[in-house]
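Take a look at the structure below.
Nothing fancy with the numbering, it's 1 onward along the sequence. What you are looking at is a predicted structure, and each value in this text was computed from that prediction instead of being measured. Heavy atoms only: backbone and side chains are in, while hydrogens, waters and symmetry mates are out.
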Amino acid sequence: RHAEAPSPFATRPLTPERVDASELRSTLTPLSPGRYRFGGTWGQEAYDLYNDFRALVSHEVPSGELSLVLETALRIAKAEVEKRRFGATARPGRSRGSASPRTIPAAVRRAVYERDGGRCAFVSDAGKRCTETRFLEIDHEIPVARGGESTVENLRLVCSAHNQYLADREFGAEFMSRKREEARRARA
């Protein structure tokens with residue numbers, strides 16, 4: 001008997017020494033104006049979520065085409081995250097109020113997000129505005145600790161880096177470093 005050559009399609013368990021991190025990275029390649037190619041590796045949970053979602057939107061996307069299903073999912077996810085983070089909604093209601101001065105009502109978060117155009121509102125001493133649209137946080141110009149209120153006029157949208165910079169400038173780098181470490185320990 002001859003030993004059979006191993007099938008090129010046989011699966012071998014992945015071990016840390018066999019995993020090439022470059023194979024696991026996602027890719028985004030512009031093809032032409034307004035068209036892009038995405039590529040990446042999905043885990044089982046993501047694959048199962050995709051299939052479940054594809055079934056749920058089968059009336060909206062009867063072809064089940066990957067790009068159309070993902071576009072639908074991203075549109076829904078974006079609206080949900082904007083609602084949670086910045087109070088975005090088509091039908092705003094009345095604020096229930098809060099005893100905490102740190103609580104920012106949805107209508108105020110919504111107005112700040114719209115006014116600042118969904119990007120960091122930090123302006124450097126040279127007059128240049130930050131262009132960051134990721135890791136955005138709502139910052140009190142006059143901090144709550146110094147009597148600042150959660151009003152549209154006292155709030156601004158800033159990226160996390162500028163939020164830390166402003167806090168360091170307001171309260172001192174050493175004090176803020178201690179506070180951040182305390183928060184890290186509390187989360188752990």
Side-chain angles (χ1 to χ4, degrees), residues 16 19-28 38 40-46 48-50 53 70 73-188:
V19 175
D20 180 0
S22 65
E23 293 176 19
L24 302 178
R25 290 196 180 99
S26 299
T27 58
L28 172 63
F38 288 90
T41 304
W42 293 22
Q44 187 65 49
E45 183 180 8
D48 293 343
L49 283 169
Y50 167 75
F53 188 78
L70 290 180
L74 289 170
R75 191 176 300 114
I76 292 168
K78 178 180 181 249
E80 182 59 32
V81 172
E82 284 178 341
K83 178 180 177 183
R84 213 173 344 141
R85 295 280 324 272
F86 303 112
T89 181
R91 298 179 353 190
R94 283 187 339 134
S95 173
R96 289 180 233 145
S98 172
S100 171
R102 295 191 180 281
T103 299
I104 303 170
V108 173
R109 285 183 284 141
R110 202 171 25 257
V112 170
Y113 184 80
E114 289 172 16
R115 180 199 64 212
D116 293 346
R119 75 177 238 226
C120 182
F122 179 84
V123 178
S124 71
D125 293 337
K128 185 168 171 25
R129 182 174 174 190
C130 178
T131 60
E132 186 62 70
T133 58
R134 300 178 337 137
F135 306 108
L136 297 175
E137 301 170 357
I138 295 180
D139 173 59
H140 290 79
E141 288 191 45
I142 300 171
V144 172
R146 301 216 194 282
E149 298 180 352
S150 294
T151 62
V152 173
E153 299 75 28
N154 189 46
L155 297 172
R156 61 189 163 198
L157 207 55
V158 293
C159 64
S160 60
H162 281 123
N163 196 10
Q164 285 189 8
Y165 169 76
L166 292 165
D168 288 351
R169 199 167 73 179
E170 183 73 30
F171 297 105
E174 186 178 315
F175 174 81
M176 289 310 300
S177 178
R178 211 172 37 250
K179 285 295 193 182
R180 289 182 193 113
E181 183 55 38
E182 289 170 10
R184 267 192 289 276
R185 278 197 301 266
R187 281 193 304 269

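Considering all non-hydrogen atoms of both residues, Arg134 and Glu132 come closest at N-OE2, 3.0 Å. Ile104 approaches Val108 most closely through the heavy-atom pair CG2-CG1, 3.8 Å.
For Ser160, the side-chain contact (heavy atoms from CB on, under 4.5 Å) test picks out Phe135, Glu137, with sequence neighbours left out. Shown here are the side chain to side chain donor-acceptor pair (under 3.5 Å) partners of Lys179, two or more places apart in sequence or in another chain: there are none. Take Arg75 and apply the side chain to side chain donor-acceptor pair (under 3.5 Å) test, not counting sequence neighbours, and it matches Glu71. Residues satisfying the side chain to side chain donor-acceptor pair (under 3.5 Å) criterion with Arg146, sequence neighbours excluded, are Glu170. With sequence neighbours left out, Glu141 forms a salt bridge (Lys or Arg N to Asp or Glu O under 4.0 Å) with Arg156. With sequence neighbours excluded, no residue satisfies side chain to side chain donor-acceptor pair (under 3.5 Å) with Arg115. By the side-chain contact (heavy atoms from CB on, under 4.5 Å) test, Gln44 is found to be paired with Tyr47, Asp48, residues two or more places apart in sequence or in another chain being considered. With sequence neighbours left out, the side-chain contact (heavy atoms from CB on, under 4.5 Å) criterion links Ala167 to Met176, Arg180. Looking at residues two or more places apart in sequence or on another chain, you find a side-chain contact (heavy atoms from CB on, under 4.5 Å) between Phe38 and Leu28, Tyr36.
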TODO: Check the pair Leu157, Ile138 against side chain to side chain contact (heavy atoms under 4.5 Å, CB included), reporting the backbone distance first and the verdict last.
DONE: CA-CA 5 Å; Leu157 207 55; Ile138 295 180; 3.9 Å; yes
Task: Audit row: Leu70, Phe53, side chain to side chain contact (heavy atoms under 4.5 Å, CB included) steps and yes/no - done: CA-CA 9 Å; Leu70 290 180; Phe53 188 78; over 6 Å; no
Open item on the list: Using the rule given for side chain to side chain contact (heavy atoms under 4.5 Å, CB included), can you reason through His140 versus Ser150, listing the C-alpha separation, both sets of side-chain angles and the distance that settles it, and then say yes or no?
Closed with: CA-CA 7 Å; His140 290 79; Ser150 294; 3.0 Å; yes
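Remark: the backbone N or O of Ala121 is not paired with any side-chain donor or acceptor of Asp116 at under 3.5 angstrom. Of the possible polar contacts, none joining the Asn154 side chain to the Gly148 backbone as a donor-acceptor pair under 3.5 Å is found. Side chain of Arg85 to backbone of Arg109: no donor-acceptor contact under 3.5 angstrom is found.
Listed by first then second residue, pairs satisfying salt bridge (charged side-chain N to carboxylate O under 4.0 Å, His left out) with a partner in residues 120-130 number zero, not counting sequence neighbours. Residue pairs meeting the ring-ring contact (aromatic ring centres under 6.0 Å, His included) criterion with at least one partner in residues 100-129, sequence neighbours excluded, are Phe86-Tyr113, Phe122-His162, Phe122-Tyr165.
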Tell me which donor-acceptor pairs under 3.5 Å the side chains of residues 181-188 have, and how far apart each pair is, sequence neighbours excluded?
| unit_1 | atom_1 | unit_2 | atom_2 | d |
| --- | --- | --- | --- | --- |
| Glu181 | OE1 | Arg184 | NE | 3.3 |
| Glu181 | OE1 | Arg184 | NH2 | 3.3 |

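Taken to the nearest 0.5 Å, the CD atom of Gln164 stands 9.5 Å off from the SG atom of Cys159.
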